[in-house]
Number of protein chains: 2
Amino acid sequence: MKLSSRTRYGMRAILELAMEYGKSPLQIKSIAHREDISNKYLEQLIAMLKSAGLVRSVRGPRGGYSLAKPPAEIRLKDIFLTLEGPMVPAECFEHSEYCPGCTDCATRQIWQKLQNAILGVLESVTLADLIDQSIRSKKMTNYHI
Amino acid sequence: MKLSSRTRYGMRAILELAMEYGKSPLQIKSIAHREDISNKYLEQLIAMLKSAGLVRSVRGPRGGYSLAKPPAEIRLKDIFLTLEGPMVPAECFEHSEYCPGCTDCATRQIWQKLQNAILGVLESVTLADLIDQSIRSKKMTNYHI
DNA sequence: CTAATATCCTATTGCTTTAGTAGTTTATAT
DNA sequence: ATATAAACTACTAAAGCAATAGGATATTAG
């Protein structure tokens, strides 16, 4: 079980934007270079984030992308669901009419628990929290050196 | 984000075996029929569970499959990891030499949290727990009718 | 011994998703 | 005007998923 590149790249990209929040917009090529991601592929991922209302854009020279909201108002859950799609462990979560035997109900409860656990973590963390963590860990390394 | 059929089918199949624990072995075709899963595909899934030591088999007429251990000693984590493969959110979890920028470290901590949350749930539940839940929910419906 | 049964093993296939590439169009700052 | 950078659309190679197919092997019953 692993996360898709889409989600990993997208998360790193939006974190770059979060760290630049309040400054001038960041360009695709700049983010792509910093994070070592394909230019054109990143373009598509950021388009997803944009249509989800998490990111806004400015076209033309000196244009680029920036966060649509303060980092403290963007939860990882929003980013995750935008990139990874809706969380649907089993068919019967979408179509309740599917679910023939009652054996499923026992397993279904587990998938429900799993979903809650995942969404719980992603709900509880904002981009601002991530930045704080990042800064703190950098300070730690400085103290050691 | 959704679970693979492999995992969903496999979980339902081994739960069937768990409910039959102590009795004579269950055959592929029987499980496949009860759970409405392709015969041949299920065969492969059960082979995975067998090579993981969760299930044992008897060949020939009146043969079939049964749990290798009591239901209380099989955790969902074991089943899940067998079917879904190792939990590797990002490359740097396998190859720590990968991890160029420090931006990753912030996201990496999130993937770690996510992993812990998922494994935590799966670690805490055994097949015996699932059977208990299943029986209890059946009783509930009986009371209502 | 033989026939039936059910697991075991390997290969192949169609399908979908993923990750990435390519090229053109549109808006905007200078 | 021109350069810049996002916006949009189409395409493609590769991988994984969900099967399907067919024969080999072991075991039991008669």
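Throughout, protein chains are lettered first and strands after them, A, B, ... in sequence-line order, and every chain is numbered starting at 1. Basis for what follows: all heavy atoms, side chains included, without hydrogens, waters or symmetry-related copies. Keep in mind that what you see is a predicted model, and the values were worked out from it rather than measured.
Read 5' to 3', the first and last nucleotides of DNA chain D with an atom closer than 4.0 Å to a heavy atom of chain B are D:dC17 to D:dA29.
Here the straight-line distance linking atom CD of A:E20 with atom CD1 of A:I131 works out to 10.0 Å at 0.5 Å rounding. Expressed to the nearest 0.5 Å, how far CG of A:L45 lies from CD1 of A:I79 amounts to 12.5 Å. Interatomic distance, B:L49 CG to B:I14 CD1, rounded to the nearest 0.5 Å: 5.0 Å.
Looking at A:K2 and B:F93, their side chains never come closer than 4.5 Å, going by heavy atoms from C-beta outward.
Using a 4.0 Å cut-off, some side-chain N or O of A:S5 falls inside it from OP1 or OP2 of C:dA19.
Under a 3.5 Å cut-off, the side chain of B:T7 and the backbone N or O of B:L3 do not form any donor-acceptor pair.
B:L127 and B:L15 get closest at one heavy-atom pair: CD2-CD1, 4.3 Å.
DNA chain C lies under 4.0 Å from no heavy atom of any residue of residues 80-90 of chain A.
Scored by the salt bridge (Lys or Arg N to Asp or Glu O under 4.0 Å) test, B:K77 finds B:E123 as partners (sequence neighbours excluded). With sequence neighbours excluded, the residues satisfying salt bridge (Lys or Arg N to Asp or Glu O under 4.0 Å) with A:K40 are A:E43.
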Donor-acceptor list for residues 53-66 of chain B side chains, cut-off 3.5 Å, not counting sequence neighbours:
unit_1 : atom_1 : unit_2 : atom_2 : d
B:S57  : OG     : B:K50  : NZ     : 3.1

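Look at CZ on A:R6: it is 6 Å from P on C:dA19, rounded to the nearest Å. Following rounding to the nearest Å, A:Y9 (OH) and C:dG20 (C1') show an atom-to-atom distance of 9 Å.
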Taking only nitrogen or oxygen atoms into account, show me every contact under 3.5 Å that the protein makes with nucleotides 4-11 of chain C, one pair per line with its distance.
unit_1 : atom_1 : unit_2 : atom_2 : d
C:dA6  : OP1    : B:Q27  : OE1    : 3.3
C:dA6  : OP1    : B:Q27  : NE2    : 3.3
C:dA6  : OP2    : B:K29  : NZ     : 2.9
C:dA6  : O4'    : B:G60  : O      : 3.3
C:dT7  : OP1    : B:I28  : N      : 3.0
C:dT7  : O2     : B:R59  : NH2    : 3.3
C:dC8  : OP1    : B:K50  : NZ     : 2.5
C:dC8  : OP1    : B:S57  : OG     : 2.5
C:dC8  : OP2    : B:Y65  : OH     : 2.7
C:dC8  : N4     : B:E43  : OE2    : 3.0
C:dC9  : N4     : B:E43  : OE2    : 2.8

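The existence of a salt bridge linking B:E84 and B:R6 is excluded, since no basic side-chain nitrogen approaches an acidic carboxylate oxygen closer than 4.0 Å.
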